[in-house]
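Shown next, in structure tokens, is the structure this report addresses.
As the structure lists them, so they are numbered: ligands from 1, and atoms in each ligand from 1. The structure presented is a predicted model; accordingly, all values stated were derived computationally and were not measured.
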Amino acid sequence: MVKNYNWGVLGPGKIAHQVSAAIVSTGRGKVFAVGSRDLSRAGAFASQYKAERFYGSYEALIADEDVDIIYIATPHHLHYEFTKKCLEAGKPVMCEKPATINLRQFEELMHLSREKGVFYMDALWSRFLPSTLKVLEWISEGRIGDIKVVRADFGFKATYDPSGRLFNPALGGGSILDIGIYPIFLSLLLFGYPNDIKVNAVMAGTGVDASCNMSFRYKEGGIASLLSTFLAETDTSAEISGTAGRICMNRLWYRTTSLRLVNGDGESFFNQDYKLNGKEYEVEEVMRCLDAGLTESPLLPLSFTADLMRLMDEVRKQAGVEYKEDLEKIYLS
Ligand SMILES: NC(=O)c1ccc[n+]([C@@H]2O[C@H](COP(=O)([O-])OP(=O)(O)OC[C@H]3O[C@@H](n4cnc5c(N)ncnc54)[C@H](OP(=O)(O)O)[C@@H]3O)[C@@H](O)[C@H]2O)c1
């Protein structure tokens with residue numbers, strides 16, 4: 001029998017709308033409860049998604065015994081604190097990217113999830129999209145030979161607001177954690193962890209990176225050339241090149257529905273629209289894992305997210321981006 005899941009949405013902001021619509025679209029997920037810092041905001045969001053309950057604090061949402069899984073959609077700086085509270089309360093959790101501010105925070109949560117046997121997944125939705133699965137399939141079939149070069153960017157012109165979540169260091173701002181995470185994720189998925197990392201960054205007035213260029217080198221002779229920026233409208237495409245051909249992930253590659261493969265046989269195309277907005281794939285993955293009694297996703301295991309956080313720590317170190325959470329390391333470890 002198909003099990004239905006009561007989702008609790010924690011931090012009902014912009015992205016929470018997309019994921020809530022996706023939860024509803026699956027037919028077996030329900031936006032059951034909403035937690036906001038403000039009761040009236042929680043109520044308004046709850047009525048939009050026909051949620052039965054709403055709370056004026058995140059803690060009250062986590063304490064609701066009828067909530068099966070919490071989706072955390074706050075700015076970055078709160079991911080660690082509320083994922084920890086969920087895991088301690090035995091509540092499965094899917095948390096928005098980046099999972100945490102740094103590796104130290106993530107490792108603590110990973111150990112907690114394993115110790116308590118409670119499901120935990122980073123909401124890196126691109127991992128579950130049909131286009132990403134197709135890229136992996138084409139590569140495993142040898143359609144482009146051995147991968148040697150990955151190029152990926154993610155850039156847009158953001159309005160400079162020193163207090164907003166994109167530029168404010170207190171909220172974990174900066175292009176690396178917010179959008180650089182996508183190209184870094186792609187390189188990690190395709191090449192694994194690099195042997196050499198070189199970084200060049202342009203800083204915003206708030207001390208976080210506004211642009212970041214990354215060059216990763218791999219043992220087997222691979223190179224990844226990656227870029228994130230809040231300063232310019234870049235193509236936001238990705239190209240994966242191998243000894244026998246290449247795969248082009250078209251504009252807005254991290255959410256693309258179309259791919260082009262070029263090799264000695266000519267061109268092949270992949271086009272597949274989402275069922276809704278693309279978030280339904282991560283939502284379905286969570287419910288599939290919960291059905292199977294898993295505590296992490298085989299497609300996006302915690303060890304992968306740990307490597308992603310480790311890589312972003314190193315990139316930030318070279319870029320000169322430090323958050324107050326990094327300094328806590330000195331006292332806690
Ligand atoms: N997967 C994706 O495609 C995608 C896209 C965009 C963003 N994201 C991620 O989703 C997270 C949220 O991004 P967003 O654009 O949805 O953010 P947002 O709308 O600015 O904020 C989300 C919610 O967080 C709560 N919040 C708690 N403390 C806050 C604070 N100090 N400042 C502002 N809001 C605070 C607010 O809800 P209440 O006050 O009502 O509790 C707010 O509505 C980020 O971690 C981001 O990386 C993911």
Salt bridge check: are D307 and R310 linked by an N-O gap of less than 4.0 Å?
yes
Below the 3.5 angstrom mark, is there an N/O of G11, backbone or side chain, next to an N/O of ligand 1?
no
Please report, to 0.1 Å, the donor-acceptor pairs under 3.5 Å made by any side chain of residues 265-273, with sequence neighbours excluded.
residue	atom	partner	partner atom	Å
E267	OE2	R260	NH1	2.7
S268	OG	R143	NH2	3.3

Closest non-hydrogen atoms of C289 and P298, given as atom of the first, atom of the second and distance, are SG-CD, 3.9 Å
Quick check: do L311 and P194 have side-chain heavy atoms less than 4.5 Å from each other?
yes
A73 to E96 - nearest heavy-atom pair and separation:
CA-CG, 4.1 Å
Out of T74, I15, L10, indicate the one that has the non-hydrogen atom closest to atom 44 (C) of ligand 1.
T74
Linking I/L/V/M/F/W/Y whenever any side-chain heavy atoms sit under 4.5 Å apart, do V202 and F167 land together?
no
Mind checking whether Y120 and F106 have parallel, tilted or perpendicular rings, split at 30° and 60°?
tilted
Which residue and heavy atom of the protein sit nearest atom 43 (O) of ligand 1, plus the separation
G13 CA, 3.1 Å
Counting from 1, what ligand 1 atoms have a heavy atom of Y58 closer than 4.0 Å?
25 (C), 26 (N), 27 (C), 37 (O), 38 (P), 41 (O)
Would you please classify the geometry between the Y254 ring and the Y182 ring as parallel, tilted or perpendicular, with 30° and 60° separating the classes?
tilted
Does D38 come within less than 4.0 angstrom of ligand 1, counting non-hydrogen atoms of the residue?
no
Where does the angle between the aromatic ring planes of Y218 and F216 fall among parallel (under 30°), tilted (30 to 60°) and perpendicular (over 60°)?
perpendicular
Sub-4.0 Å atoms of ligand 1 with respect to non-hydrogen atoms of H76
44 (C), 45 (O), 46 (C), 47 (O)
Can you label the angle between the F82 ring and the Y58 ring as parallel, tilted or perpendicular, going by 30° and 60°?
perpendicular
Nearest-neighbour protein heavy atom for atom 47 (O) of ligand 1, which is reported as residue plus atom name and distance
K97 O, 2.7 Å
Per-atom contacts, ligand 1 versus K279 - under 4.0 Å to a heavy atom:
1 (N), 2 (C), 3 (O)
Does a donor on one side chain and an acceptor on the other come within less than 3.5 Å for S175 and D209?
yes
Can you list the atoms of ligand 1 that are under 4.0 Å from a heavy atom of D178?
47 (O)
Numbering the atoms of ligand 1 from 1, which are under 4.0 Å from a heavy atom of H79?
45 (O)
Ion pair E284/K275, N-O distance below 4.0 Å:
yes
Only heavy atoms of L171, strictly under 4.0 Å: list the atoms of ligand 1 that pass.
31 (N)
Any idea which part of E96 is under 4.0 Å from ligand 1, heavy-atom wise: side chain, backbone, both or neither?
side chain
Please check if I176 and M203 belong to a single hydrophobic cluster, counting links between Ile, Leu, Val, Met, Phe, Trp and Tyr side chain heavy atoms closer than 4.5 Å.
yes
Is the closest heavy atom of F45 to ligand 1 under 4.0 Å?
no
Within-shell test, R255 vs ligand 1, heavy atom, strictly < 4.0 Å
no
When you compare the side chains of E280 and S25, does any donor N or O come within less than 3.5 Å of an acceptor on the partner?
no
Contact region, A16 to ligand 1, non-hydrogen atoms below 4.0 Å, reads neither
Between G278, A42, S36, P75, flag the one that comes closest to atom 24 (O) of ligand 1 by a heavy atom.
P75
Where on R41 is there a heavy atom closer than 4.0 Å to ligand 1, on the side chain, on the backbone, on both, or on neither?
side chain
I need the atoms of ligand 1 closer than 4.0 Å to a non-hydrogen atom of L78, numbered in the order shown.
27 (C), 28 (N)
List every atom of ligand 1 that sits less than 4.0 Å from any heavy atom of H77, numbering the atoms from 1 in the order shown and giving each element.
31 (N)
Residue-ligand contact Q18/ligand 1, heavy atom below 4.0 Å
no
Does at least one non-hydrogen atom of Y182 fall below 4.0 angstrom from an atom of ligand 1?
yes
May I ask you to identify the nearest protein heavy atom to atom 12 (C) of ligand 1, giving residue, atom name and distance to one decimal place in Å?
A73 O, 3.3 Å
From K14, R37, E282, R165 - option closest to atom 7 (C) of ligand 1 by heavy atom
R165
